[in-house]
**Student:** 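Sharing a structure here in structure tokens format.
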Amino acid sequence: MKQTSPYYRGAWEPVDKETTAYDLPVRGTIPPQLDGLFVRIGPNRLPDAGPSRQILGFLDDGMLHGVRLADGRAEWYRSRWVRSKTVTKSLGGSRPPGPPRRVWNDAVNTHVIAHGGSLLALVEGGCMPVRLSTTLDTVEYTNFGGTLPHGFTAHPKRDPVTGELFAIAYNPILPYAEYLIVDTNCRVRKVERIDVPQRPMMHDFALTENHIVVFDLPVVFKPARIVLGRVPYRWEPKHTTRFGVLPREGRGQDIRWFEVSAGFLFHIVNAYEIGRKVTVEAMRYDRIFDDAPPNPIARGAVYWRWVLDLDTGTVAESQLDDRYEELPSLDDRRVSKRHRYVYSAVFRPRDRYDADGFSVPVTLMQRDLDTDAVLTHDFGAGMVPSQPVFVPDGPQEGQGWVMSYVYDPARDASDLVILDARDFAGPPVAVVSLPHRVPSGFHGSWVAAADLAAIDELTGPERAT
């Protein structure tokens, strides 16, 4: 059924089937050192699901889109729905095995990562992760061998030194969040409860070398909205906005709270420590999810920095830019450490929004925090990029490639575009033409060939299905 929301049209419009294509056409040259899988996930409403009043498809079923690169070739493209209960009911087949998912919805649609020999599709709010094959088939819902108590998060952080995965997981029916550390074998080794009695949305968190930073923000759970088919969260102006700092190996009760100006954060850029000061950088909204026109998520996020002084208990806040940007990424080797380069998707300014308050990314941006230099990559009129993903190609930060799916409205299809991070504004080094549209969605990863081999040991070799 054709949707009326702007988030189901144009670049966001769902595709109505799964696709497999081989030997994809390429313009330019794929760097031969790119041997792996570029995979992204996002909501893709089923054709028989009926109309929706949602914003951004937060509750829709997830679809994976992956391109396998090897030997300078784009070997294949696959799109696959994650096999939730609604997907198996619609498409047939048996539901995947695994522990209980989530009471009201088991759609998984927000992020996909590799860890501990598993390729994992992720979502927040109490649902278990989904383990995937390297050909993007659903294998099972997993609770990490019985060690994961109440679901996981969409935005875990991997320590680049130890390889452990850190997470803040929340379930909106519980008055606390869970701080989790997952070892390199995909088993939870630490669980600590953090009290958040108003049940806020906790989409992301921050990791430093010695601490985690938790965000208790004024968007809180409103279960009655589920019945209306809406995202079950709403802006609560009376809720204090605060950041909580907890030592990595601390207990839940050791958390220290710092009050900051009211606002909301979907995505953290990074965090790091200098002496006794913890710096957090993120994309900040003044206000969100309040049902006021224009579209409540279309007010735009801008780049902010907070410096939390652990000795004085004070916070210094500053806005670093006034452009609307989202979906930040960086070299994952710099997670928890001071970083230089940040990549993001830049949206149209508010005076160029559609009448219904709708906007899409128009360029990608590279920010050099050492020099304050900013470079943008413009793909051409009407082209819509998705989140940039950095793939290292050398020991130094900034040496590597930036990859993104880019929607071309002229042919109603998408390309996988590969940029050289050392010449970010220059022409792409390669453009892989895909057979159809990859709807604008959420997050993804580059999974190197070595990680794919480890995943195949658990799920079986790649299958030409």
Side-chain angles (χ1 to χ4, degrees), residues 1-3 5-30 34 36-47 49 56-57 60-70 72-82 91 109 112 135-136 327 345-348 354 358-364 377-389 391 401-419 427-446 464-465:
M1 178 180 294
K2 198 74 170 178
Q3 303 291 330
S5 165
Y7 288 103
Y8 293 99
R9 300 197 302 261
W12 295 94
E13 184 177 350
V15 294
D16 60 4
K17 63 180 180 180
E18 298 177 326
T19 298
T20 303
Y22 298 97
D23 296 321
L24 305 169
V26 178
R27 303 192 304 276
T29 302
I30 297 173
L34 286 176
L37 175 68
F38 182 70
V39 57
R40 205 214 65 196
I41 194 171
N44 193 91
R45 195 165 180 81
L46 289 158
L56 264 179
D60 284 338
D61 283 291
M63 177 174 271
L64 298 140
H65 302 266
V67 175
R68 181 68 165 94
L69 303 180
R73 297 171 47 241
E75 292 187 341
W76 52 254
Y77 160 79
R78 283 182 170 86
S79 61
R80 296 290 186 272
W81 267 290
V82 177
L91 302 184
N109 63 17
V112 56
T135 51
L136 307 184
L327 305 172
V346 181
F347 290 71
R348 292 194 300 255
D354 296 342
F358 177 67
S359 183
V360 294
V362 291
T363 61
L364 296 183
H377 190 96
D378 189 338
F379 297 89
M383 304 288 277
V384 181
S386 60
Q387 181 181 37
V389 174
V391 182
W401 317 101
V402 177
M403 306 174 74
S404 176
Y405 286 127
V406 180
Y407 172 65
D408 181 354
R411 65 186 189 94
D412 192 26
S414 297
D415 301 318
L416 169 57
V417 179
I418 304 172
L419 307 176
V429 298
V431 178
V432 180
S433 296
L434 306 183
H436 61 68
R437 177 179 61 258
V438 174
S440 290
F442 296 147
H443 307 285
S445 301
W446 171 254
T465 58

**Student:** Restricting to salt bridge (charged side-chain N to carboxylate O under 4.0 Å, His left out), what partner residues turn up for R27, sequence neighbours left out?
**Tutor:**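 Residues passing salt bridge (charged side-chain N to carboxylate O under 4.0 Å, His left out) with R27: none at all.
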**Student:** Looking at residues at least two apart in the chain, or sitting in another chain, which of them share a salt bridge (charged side-chain N to carboxylate O under 4.0 Å, His left out) with R437?
**Tutor:**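 Residues passing salt bridge (charged side-chain N to carboxylate O under 4.0 Å, His left out) with R437: D412.
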**Student:** Of all the heavy-atom pairs spanning L64 and V39, show the shortest one and how long it is.
**Tutor:** CD2-CG2, 4.2 Å
**Student:** Do F442 and V112 make a side-chain contact, defined as non-hydrogen atoms from C-beta onward lying under 4.5 Å apart?
**Tutor:** no
**Student:** To the nearest 0.5 angstrom, please state how far the CH2 atom of W401 sits from the CG atom of L34.
**Tutor:**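 Answer for the CH2-CG pair, W401 versus L34, is 6.5 Å.
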**Student:** Do V67 and L434 come close enough that some side-chain heavy atom pair is under 4.5 Å?
**Tutor:**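 They are in side-chain contact.
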**Student:** By ring pair (Phe, Tyr, Trp, His ring centres under 6.0 Å), which residues pair with Y407, not counting sequence neighbours?
**Tutor:**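 Checked Y407 against ring pair (Phe, Tyr, Trp, His ring centres under 6.0 Å); zero matches.
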**Student:** Here's a test for you: under side-chain contact (heavy atoms from CB on, under 4.5 Å), which of R68, R80, E18 qualifies with L136?
**Tutor:**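 Result: among R68, R80, E18, R80 is the only option passing the side-chain contact (heavy atoms from CB on, under 4.5 Å) with L136.
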**Student:** Indicate yes or no: at least one non-hydrogen side-chain atom of L416 is less than 4.5 angstrom from one of F38.
**Tutor:** yes
**Student:** For M383 versus F379, what's the shortest heavy-atom pair and its separation?
**Tutor:** CG-O, 3.4 Å
**Student:** Measure the shortest side-chain to side-chain distance between P428 and I418 over non-hydrogen atoms and say whether it is less than 4.5 angstrom.
**Tutor:**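 In short, these two side chains do not touch, never coming nearer than 4.5 Å.
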**Student:** Report the residues that fulfil side chain to side chain donor-acceptor pair (under 3.5 Å) with D61, sequence neighbours left out, ordered by chain and then residue number.
**Tutor:**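 Side chain to side chain donor-acceptor pair (under 3.5 Å) check on D61 returns S84, T86.
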**Student:** Do R40 and V438 have side chains that get closer than 4.5 Å, going by heavy atoms?
**Tutor:** yes
**Student:** Which pair of heavy atoms, one from A74 and one from V26, lies closest together, and at what distance?
**Tutor:**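 Nearest pair, atom of A74 first, then V26: CB-CG2, 4.2 Å.
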**Student:** With side chain to side chain contact (heavy atoms under 4.5 Å, CB included) as the test, would you mind laying out the steps for V402 and V391 before giving the verdict?
**Tutor:** CA-CA 6 Å; V402 177; V391 182; over 6 Å; no
**Student:** Within 45° of the ring axis of W12 and under 6.0 Å from its six-membered ring centre, is that where the NZ or CZ of R9 lies?
**Tutor:** no
**Student:** Any side-chain donor paired with an acceptor under 3.5 Å for S414 and H436?
**Tutor:**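 Their side chains do not contain a donor-acceptor pair, so the 3.5 Å distance test is not met.
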**Student:** Do M403 and V417 pass the side chain to side chain contact (heavy atoms under 4.5 Å, CB included) test, and can you show the C-alpha distance, the side-chain angles, and the key distance before you say yes or no?
**Tutor:** CA-CA 6 Å; M403 306 174 74; V417 179; over 6 Å; no
**Student:** I'd like to check the side-chain contact (heavy atoms from CB on, under 4.5 Å) partners of A21; sequence neighbours left out, ordered by chain and number.
**Tutor:**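 Testing A21 for side-chain contact (heavy atoms from CB on, under 4.5 Å), a comparison that skips the adjacent residues, returns L24, P435.
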**Student:** Only counting residues at least two apart or in another chain, list the ones meeting side chain to side chain donor-acceptor pair (under 3.5 Å) with S404.
**Tutor:** S386
**Student:** Who pairs with R73 by side-chain contact (heavy atoms from CB on, under 4.5 Å), at least two apart in sequence or on another chain?
**Tutor:**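 With neighbours one apart ignored, the set is D23, E75.
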**Student:** Judged by atom type as modelled, is there a donor-acceptor pair below 3.5 Å linking the side chain of T19 to the main-chain atoms of S79?
**Tutor:**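 Checking the backbone N and O of S79 against the side chain of T19, no donor-acceptor pair under 3.5 Å is found.
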**Student:** Got a second to check how far L37's CG is from L69's CG, nearest 0.5 Å?
**Tutor:** 8.0 Å
**Student:** Looking only at heavy atoms, which two atoms of G441 and P43 are closest? And how far apart?
**Tutor:**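 Looks like CA-CD, 4.4 Å.
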**Student:** According to salt bridge (charged side-chain N to carboxylate O under 4.0 Å, His left out), does anything in residues 380-389 pair up with another residue at least two apart or in another chain? List the pairs.
**Tutor:** none
**Student:** Given S440 and V360, is the side chain to side chain contact (heavy atoms under 4.5 Å, CB included) satisfied, shown in steps?
**Tutor:** CA-CA 9 Å; S440 290; V360 294; 5.6 Å; no
**Student:** Indicate, with yes or no, if the rings of Y77 and Y22 have centres closer together than 6.0 Å.
**Tutor:** no
**Student:** Using the test ring pair (Phe, Tyr, Trp, His ring centres under 6.0 Å), find all partners of H443 that sit at least two apart in sequence or belong to another chain.
**Tutor:** H111, H155, H267
**Student:** State which residues pass side-chain contact (heavy atoms from CB on, under 4.5 Å) with N44; sequence neighbours excluded, sorted by chain then number.
**Tutor:** P14, V15, M63, W81, P439
